[in-house]
Amino acid sequence: MIDVGIIGATGYAGEELIEILLRHPEVRIKYLAAKIEKASPIDEIFPKFKNKIDVVCKPFNLRSALSKSKLLFLALPHTVSLKIVPKLLKSNIRIIDLSADYRLKNIKTYEKFYQAKHKDGKNLKSAVYGLPEIYRNKIKKAKLIANPGCYPTAAILSLAPLLACGEINQEEIFIDAKSGATGAGRRAEMKYFFSEINEDIFAYKINMHQHMPEINQELSKLATAPVEVTFVPHMLSVNRGILETIYVKQDKKLKLENKKLIALYKNFYKKEPFVRIKPEGESVHIKDVAHTNFCDISITSFPKQDLVIIVTAIDNLGKGAAGQAVQNMNIMMGFPEQMSLA
Ligand SMILES: NC(=O)c1ccc[n+]([C@@H]2O[C@H](COP(=O)([O-])OP(=O)(O)OC[C@H]3O[C@@H](n4cnc5c(N)ncnc54)[C@H](OP(=O)(O)O)[C@@H]3O)[C@@H](O)[C@H]2O)c1
């Protein structure tokens, strides 16, 4: 049994973490913090937690966080983690950071896409990118986990099997990505109001979204060569869920047909409890992964055009954030990986 804390407990990802951790038999939530000025019981902030948890959410305090937790989840906006991680890591605590502050290994790229200075190169170097399907062994021993972004989680899991076997043209990868509104966080900006988003879909940050360099970084490692994707995110009028449709060219000589491609993916993910490969002709749905830690993938081949289309769905707050963070905690602590997630 371990004691854990969540900093950023009142946001969408923090709320989802509480929800998942409350059903975890090996975890006690002992510390909750947010930006709030007045300390409030978490079950007053979220009445759905009444009779389930008796913890007061307070402004962040370093000493309390460290004395009450063995592992901390940081569900904070980017740049906020950067200020507190170096202080936390001076003590013997393990951290799972859901923000982007420790994901991009190139500081200049971080500073360009997040418009902020990065002054913690030391911890950035040792941070482990928390995608269990690729980095499970490193996650086991890590002190600091950089939990992946939601769009990158879907994109990397979609392309890893093809990149690992070197069967695609790495210069032509087109990612058409769509996210539900919770992906933007619980901030009160007019463009995210219900009446603005409802019954609409629109593309944004084309070729400049901050998740693009994260996708490029991880796909380049898998390909052992530079990969630069074309990434077009869209805002979708649903609360939660991400759907990505990815177009790639396969090697001309290969002309793999559906059955062989599906077999390749099934084999790559055969030991992965949260990646589900669809049978030929079956569609992927956001509804099937909402409120879960699953990632559903379908693959369709167009051999005449050397084209492969991969469609992938995750829940941005599940496998795209809090679910994946708990999966990482399970791996770090030696708990069964599916505990409280399936
Ligand atoms: N939403 C997603 O689908 C998703 C997916 C993957 C990763 N992430 C990442 O996860 C992190 C949290 O996302 P979110 O969507 O949950 O954001 P959010 O809804 O905006 O919540 C942010 C949380 O951080 C707290 N906070 C802000 N500044 C703080 C400070 N200086 N000290 C202490 N607490 C502070 C807020 O407290 P108050 O409520 O008191 O302001 C709130 O609890 C972000 O880095 C985001 O990029 C989000």
Side-chain angles (χ1 to χ4, degrees), residues 5-20 31-40 42 44-46 55-62 64-65 72-85 87-88 95-104 110 113-116 129-131 145-156 177-189 192 197 205 209-211 214-215 233 235-236 238-244 286 289-293 295 313-328:
I6 303 167
I7 310 177
T10 53
Y12 284 139
E15 179 186 356
E16 188 71 11
L17 276 167
I18 299 173
E19 182 96 42
I20 299 172
Y31 179 74
L32 295 173
K35 201 178 176 182
I36 43 171
E37 279 158 27
K38 189 175 151 278
S40 309
I42 197 71
E44 275 178 18
I45 298 169
F46 298 121
V55 178
V56 175
C57 183
K58 297 179 178 168
F60 171 65
N61 175 281
L62 185 70
S64 305
L72 274 170
F73 294 92
L74 309 189
L76 295 162
H78 66 270
T79 73
V80 183
S81 292
L82 208 44
K83 288 178 197 131
I84 64 172
V85 163
K87 295 176 194 159
L88 290 167
I95 297 174
I96 300 174
D97 178 27
L98 279 75
S99 87
D101 287 351
Y102 292 89
R103 292 183 203 147
L104 292 173
Y110 174 89
F113 280 87
Y114 289 92
Q115 306 274 297
Y129 191 72
L131 192 59
I145 295 288
N147 213 59
C150 45
Y151 282 132
T153 294
I156 299 160
K178 300 176 186 72
S179 172
T182 52
R186 184 176 260 140
R187 58 184 125 133
E189 265 185 69
Y192 300 114
I197 286 174
K205 289 193 181 176
H209 193 280
Q210 64 277 14
H211 284 175
E214 187 181 330
I215 296 170
M235 179 67 78
L236 199 57
V238 297
N239 284 344
R240 46 202 288 167
I242 280 184
L243 189 88
E244 293 187 7
I286 278 179
V289 295
H291 300 274
T292 80
N293 197 47
C295 171
I314 60 168
D315 183 332
N316 54 295
L317 294 172
K319 184 66 175 160
Q324 183 136 270
V326 173
Q327 189 181 354
N328 281 321

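We count ligands from 1, going down the list as the structure has it; atoms in each ligand are counted the same way.
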How does Thr182 reach ligand 1, by side chain, by backbone, by both or by neither, if only non-hydrogen atoms under 4.0 Å count?
backbone
Classify the contact between Ala9 and ligand 1 as side chain, backbone, both or neither, using a heavy-atom distance cut-off of under 4.0 Å.
backbone
Quick one: do the [X] and [Y] side chains pair a donor with an acceptor below 3.5 Å?
X	Y	result
Asp97	Ser81	yes
Asn328	Asn147	yes
Glu214	Tyr129	yes
Thr182	Asn316	yes

Nearest-neighbour protein heavy atom for atom 16 (O) of ligand 1, which is reported as residue plus atom name and distance:
Ala13 N, 2.8 Å
Among protein heavy atoms, which sits nearest to atom 41 (O) of ligand 1, and what does the distance come to when rounded to 0.1 Å?
Lys35 CB, 3.5 Å
Under 4.0 Å from a heavy atom of Leu317: give me the atoms of ligand 1 that qualify, with their elements.
1 (N), 2 (C), 3 (O)
Within ligand 1, which atoms have a heavy atom of Gly320 less than 4.0 Å away?
5 (C), 6 (C)
Sub-4.0 Å protein heavy atom near atom 5 (C) of ligand 1:
yes
Is atom 47 (O) of ligand 1 touching the protein, meaning some protein heavy atom lies under 4.0 Å away?
no
Kindly write out the residues that satisfy salt bridge (Lys or Arg N to Asp or Glu O under 4.0 Å) with Glu244, not counting sequence neighbours, or none if the list is empty.
none
Within the structure, does Gly149 bring an N/O atom to less than 3.5 angstrom of an N/O atom in ligand 1?
no
Test of proximity, Ala321 against ligand 1: N or O pairs below 3.5 Å
no
Residue list, side-chain contact (heavy atoms from CB on, under 4.5 Å) with Cys57, at least two apart or on another chain:
Ala9, Thr10, Leu32, Ala34, Ile36, Ile42, Ile45
Please confirm whether Gly183 approaches ligand 1 to less than 4.0 Å, judged on its heavy atoms.
yes
Going by the closest heavy atom to atom 22 (C) of ligand 1, which one wins out of Pro152, Ala75, Ala322, Ala325?
Ala75
Nearest non-hydrogen atom to atom 34 (N) of ligand 1 belongs to which of Leu74, Leu76, Thr10, Thr153?
Leu76
Would you call Arg240-Glu16 a salt bridge at under 4.0 Å N-O?
yes
